[in-house]
Protein chains: 2
Amino acid sequence: MSLRHALLGLLSQGPASGYDLLKTFDISLANVWPATQSQVYAELGRLASTGLVEVTSEGPRGRKEYAVTEAGRAELRRWLTETDPGPLARRSEMLLRVFFLGEVSHEQAGAYLRRQAELGEERIGKLAPLREMISAMDDGLSVYGRLALEWGMRFSAMQRDWALWAEQELERLPADRGCDRDCERKPESGACEEADRT
Amino acid sequence: MSLRHALLGLLSQGPASGYDLLKTFDISLANVWPATQSQVYAELGRLASTGLVEVTSEGPRGRKEYAVTEAGRAELRRWLTETDPGPLARRSEMLLRVFFLGEVSHEQAGAYLRRQAELGEERIGKLAPLREMISAMDDGLSVYGRLALEWGMRFSAMQRDWALWAEQELERLPADRGCDRDCERKPESGACEEADRT
DNA sequence: GGTGCCATGTAAATGGTTACATGATTGA
DNA sequence: TCAATCATGTAACCATTTACATGGCACC
C-alpha cells in the first residue's frame, strides 16, 4: 500500500487539496508512482478517517485542504526507516518477450532488441531536460528528485547497452531455433544458416 | 494482459498441464512475470474457450494437458512483433521513498541508500549461480533466459552503483532538511525551526 | 493405511484503471 | 455568457494475491 505513503510524503511538504496532489503526482511522481484521481480522493478519505491526515480548511468549490497529522508523520517515518521496499521491477513485459524470442525469426528478434536500445536512448533524451526543471522547483522534493532522475538516466543507459549487447549475442548464435518455427516458406534444405561467426 | 502471452509462450515450447506451467513459472519466469496458481488455471480456461490453446489429453488425477493452437501461435507472434512493450518499471517503491528522504535524518537517509546498494550486491550474488542452471536446461528458454539473466545482473549493478553515488551526493549537501523534522526529543525551544509555515 | 506430491479449482479482498457525473468559480 | 479550469466524487471493471477446498495416485 504505497499510495498511502506517497500521499503522506507529499503532504509532509505542506498542506494541499486532492486536486493539488494530483498535479504533483503528474509533475514529479509520474514516473515513479503514478496515481489516478479516483485513487487519490479515495485514499485521502481513508487517511482522514484513520487520523493520519486531517482537513485543515475548506475553500471555494468544495475544496478541502489536507494536512498530515503527527500520527501521519510518524507513520511516514516508520515506513521510510523500518520497512524494506518490495522488489524493484517485479514484472517486465519487455523481458518476458525476450524469453519467447525463439518463436520469431532471427531478424525479428534482432529488430526487437534494437528497438529496445532505441527506446532506452529516447528515454535518456526525454529525461535530460528534466534536470533543469527540477533545479527550478524548490520544494523539498527537488533535491531527492534529482537522485531519482539520475536513477532513470542510469537505468535507461543500462537498458540501451544491454539491448545492444544482446543483439550481438544473438548474432553469434547458430540459428537452430528462431528460424525453424517461423519461416513459412522454408524448404527442407538447410537454408537457414545466417549465423556468421566473426 | 501479458499473463495470456506468457502462457502461450510457455506452451509454444511444448504441451503442458497447468501444474507443469506453474512450476515453469517458479523456475524460470519468477523474476520476470510471476504468476499464481489461481491466475494460471483461470487464464488457461479462458485461452481454451477462445481457441488459442486446446486440451490435447487428459491424464490421471484430472490432469489436462494443453497445447497451443495455430491461432495461439499466431497471436504470440503478433504480440512479439507488432506491439510495443509497456513502460518498464512503472512503479518503484524504492524510488518513491527517495523522494521523501528529507523527512528523516541524514544518517537514516544514508543508511537507506547504503541498504539499497547492499541489496543490489546481494542480488548479483544470487543471480550468478543461475548462469550454470540455465546452461544446464536445454529447453528453448535457456538461450533467451541467459539474456534476461544478464539484464538482471546489469540492473543490479546499476542499482548498487547508483545508490553508492547517491549516498555520496547526500553527504555533499548541507543538512538543511533531514534534521529539522526528525528529532523526537526536540524541546519547545526553536532549536530546529521546524515551524516555517505555522 | 498414511504421508506426500500431483492436480484442479473457487472465493474474497486488494489495488489500479477507465469512464461517468456534477457543480462552482474565474476571466475573457 | 461562455469556456476553461478547479474540484470532488461514484461505479464498473480488470489484474493480482491470499486463502480455502478437494480429491487422486504412488510409494513405503
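Chain naming here is simple, since letters A, B, ... match the order of the sequence lines and numbering starts at 1 in each.
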Considering every strand and a 4.0 Å limit on heavy-atom distances, what is the contact class for R90(A): base, sugar-phosphate, or nothing? sugar-phosphate
H5(A) NE2 to dG15(C) P, in whole Å, measures 11 Å
Within 45 degrees of the ring normal and closer than 6.0 Å to the centroid, is that where the cationic atom of R4(B) sits relative to W79(B)?
no
Quiz item: For L119(A) and L88(B), what are the C-alpha separation, side-chain angles and deciding distance, and is it a side-chain contact (heavy atoms from CB on, under 4.5 Å)?
Solution: CA-CA 11 Å; L119(A) 287 172; L88(B) 349 82; over 6 Å; no
To the nearest angstrom, the CG-C1' distance between L47(A) and dG15(C) comes to 15 Å
| task | Give a yes or no on this: more than 12 heavy atoms of other residues, nucleotides or ligands lie within 6.0 Å of atom CZ of R63(B). | result | yes
W33(A) atom CH2 is separated from dG15(C) atom P, nearest whole Å, by 10 Å
In whole angstroms, the gap separating P of dA19(C) from CD of Q39(A) amounts to 15 Å
Readout for nucleotides 4-9 of chain D: B = base within 4.0 Å of protein heavy atom, S = sugar-phosphate only, - = neither; 5' to 3' it is -BBBBB
The residue among R78(B), R73(B), R77(B) that forms salt bridge (charged side-chain N to carboxylate O under 4.0 Å, His left out) with E103(A) is R73(B)
To the nearest angstrom, the CD-P distance between E58(A) and dT25(C) comes to 13 Å
The single option from L10(A), L47(A), L8(A) that satisfies side chain to side chain contact (heavy atoms under 4.5 Å, CB included) with V68(A) is L8(A)
Q.
What's R91(A) touching, base or sugar-phosphate or nothing? Going by heavy atoms closer than 4.0 Å.
A. sugar-phosphate
Derivation of the side chain to side chain donor-acceptor pair (under 3.5 Å) call for H5(B) and E75(B) = CA-CA 8 Å; H5(B) 297 106; E75(B) 169 56 20; 2.7 Å; yes
Rounded to whole Å, CD of E93(B) lies from P of dG16(C) at a distance of 11 Å
When rounded to whole Å, the CG to P distance for the pair L3(B) and dT16(D) reads 6 Å
In whole angstroms, the gap separating P of dA13(C) from CE of M1(A) amounts to 15 Å
